[in-house]
Amino acid sequence: MVIKNIAVIMAMMDEAKPLIDNLILTEQFDMFHKQLPFKVFTGKIDNLNVDLIWNGIDSKYNVDNVATQPATLATYLAITNLNPDIIISAGTAGGVAKRGAEIGDIYLSCGVFRYHDRRIPYTNFPEYGVGSYPSVDVSSIARDLNFKLGEVSTGNSLELIERDFEIIESHQSVVKDMEAAAIAWVCRLLGIPMFAVKAIVDLLDGEKATHEQFSEYLSLGSSNLKQAIIDVIAYCKGKTVADLALPR
Ligand code: SAH
């Protein structure tokens with residue numbers, strides 16, 4: 001089945017705004033329960049329908065709803081209300097320099113999404129905690145649009161602690177974010193294909209603290225991310241999900 005509807009799930013307005021402005025996406029009101037923070041912006045690239053779901057603002061703390069908790073609910077609502085053929089988890093992320101990541105890079109996900117901060121040492125819970133939720137194989141997009149491919153690891157902290165880094169290393173993940181595995185979990189449950197498009201704005205093994213790099217490169221990353229998402233969506237035109245992989 002040819003891809004027609006694409007949902008893009010994003011946590012921060014700083015990341016989403018360049019895309020909303022560039023594609024002139026229009027806000028859809030009254031999509032979800034009125035007490036929920038999520039917002040939907042809709043538009044088209046050629047004949048493809050694009051719905052951007054932004055996780056909104058936490059009214060108590062007045063910050064964007066980042067991390068896994070809003071991401072799962074946003075994904076569920078996107079799937080049940082917007083009928084997406086495929087979901088993209090889009091945003092900024094940390095990268096592992098020694099595996100090739102550089103500031104400003106765009107990574108597409110490959111393999112599986114895992115968690116690096118869910119440690120549950122009891123019976124079979126360790127594996128459950130780490131998780132393993134598949135990404136769609138988008139190796140042909142990566143080759144044709146010249147993006148890097150890497151496994152994404154998700155956790156609920158921007159801060160990097162040593163134990164988390166050890167776990168990221170043990171999986172040889174390249175990209176660290178706070179939403180993708182949560183989105184991938186819902187997509188696996190409901191059978192919707194998904195992958196991630198992530199712009200690297202800080203390096204886990206870089207010189208400076210994560211949050212310093214993050215604020216320095218957030219706008220560069222968001223601008224690169226906007227163009228990458230536009231190019232990736234345009235690439236999907238007339239294709240099926242299977243067409244996004246390189247032939248084996
Ligand atoms: N608003 C805060 C930071 C937001 S949290 C600030 O301005 O400092 C970071 C967001 O960017 C999350 O949505 C996460 O997915 C992504 N992100 C960027 N770099 C990351 C990293 N090194 N580790 C985890 N998440 C990262």
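We number each residue from 1, following the sequence as shown.
- Under the 4.5 Å side-chain heavy-atom criterion for Ile, Leu, Val, Met, Phe, Trp and Tyr, L225 and M12 are members of distinct hydrophobic clusters.
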So D164 and R119, salt bridge (Lys or Arg N to Asp or Glu O under 4.0 Å) or not? Walk me through it.
CA-CA 10 Å; D164 290 352; R119 292 179 281 276; 2.8 Å; yes
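- Judged by distance alone, with hydrogens and angles left aside, the side-chain atoms of S170 form a donor-acceptor pair with the main-chain N or O of I167 at under 3.5 Å.
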Between V66 and E179, is a side chain to side chain contact (heavy atoms under 4.5 Å, CB included) present by the stated rule, with each step listed?
CA-CA 7 Å; V66 302; E179 292 86 15; 3.6 Å; yes
Worked verdict on K34 versus D30 for salt bridge (Lys or Arg N to Asp or Glu O under 4.0 Å)
CA-CA 7 Å; K34 65 180 186 328; D30 306 320; over 6 Å; no
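- In this structure E102 satisfies the salt bridge (charged side-chain N to carboxylate O under 4.0 Å, His left out) test together with K148, sequence neighbours excluded.
- Applying the 4.5 Å side-chain rule to ILVMFWY residues, one finds V96, L160, F165, L204 in the same cluster as I168.
- Counting only heavy atoms from C-beta outward, the side chains of I103 and L203 approach each other to under 4.5 Å.
- Checking side-chain atoms of S223 against main-chain N and O of S219 turns up no donor-acceptor pair under 3.5 Å.
- If you check the side chains of Y235 and S140, you find a donor sitting under 3.5 Å from an acceptor.
- Grouped with V63 in one hydrophobic cluster are Y61, the linkage being side-chain heavy-atom contacts under 4.5 Å among Ile, Leu, Val, Met, Phe, Trp and Tyr residues.
- Summarising the geometry of D64 relative to A11, their closest heavy-atom pair is CB-O, 3.6 Å, with the distance given to 0.1 Å.
- The backbone N or O of D51 lies less than 3.5 Å from no partner atom in the side chain of T42, so there is not a single donor-acceptor pair.
- Side-chain polar atoms of T92 and E15 form a donor-acceptor pair below 3.5 angstrom.
- Remark: the T154 side chain and the D177 side chain contain an N/O donor-acceptor pair separated by less than 3.5 Å.
- With a 6.0 Å cutoff to the six-membered ring centre and a 45° limit on the axis angle, K39 does not count as a cation-pi contact of F41.
- Summarising the geometry of A78 relative to I53, their closest heavy-atom pair is CB-CD1, 3.8 Å, with the distance given to 0.1 Å.
- Side-chain atoms of D117 come within 3.5 Å of backbone N or O of N156 as a donor-acceptor pair.
- Within the 4.5 Å cutoff, side-chain heavy atoms of L48 are placed close to those of I3.
- At least one donor-acceptor pair under 3.5 Å links the side chain of N81 to the backbone N or O of L77.
- Tested against I86, the residues P193, C236, C187 include a single side chain to side chain contact (heavy atoms under 4.5 Å, CB included) partner, P193.
- Contact record, D243 with G238: OD2-O, 4.5 Å, taken as the closest heavy-atom pair.
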Please test V40 against F32 for side chain to side chain contact (heavy atoms under 4.5 Å, CB included), starting from the C-alpha separation and ending with a verdict.
CA-CA 9 Å; V40 179; F32 309 135; 3.5 Å; yes
Step-by-step side chain to side chain contact (heavy atoms under 4.5 Å, CB included) determination, H116 to S173
CA-CA 10 Å; H116 51 257; S173 308; over 6 Å; no
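- Donor-acceptor pairing under 3.5 Å is lacking for the side chains of K4 and N49.
- Under the side chain to side chain contact (heavy atoms under 4.5 Å, CB included) test applied with I6, the options I229, I88, D85 reduce to a single match, I88.
- Listed by first and then second residue, the side chain to side chain donor-acceptor pair (under 3.5 Å) pairs that reach into residues 201-214 are K208-E216, sequence neighbours excluded.
- Hydrophobic side-chain contacts under 4.5 Å tie V112 to no other Ile, Leu, Val, Met, Phe, Trp or Tyr residue.
- At least one side-chain heavy atom of I161 sits under 4.5 Å from a side-chain heavy atom of E159.
- Applying the 6.0 Å contact sphere to CG of N47 captures more than 12 heavy atoms from other residues, nucleotides or ligands.
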Going through the distances and angles, do E169 and K98 end up as a salt bridge (Lys or Arg N to Asp or Glu O under 4.0 Å)?
CA-CA 10 Å; E169 279 297 281; K98 69 173 179 201; 2.7 Å; yes
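- Cluster note: I120 groups with Y122, F125, Y128 through ILVMFWY side-chain heavy atoms spaced under 4.5 Å, whether in direct contact or through intervening members.
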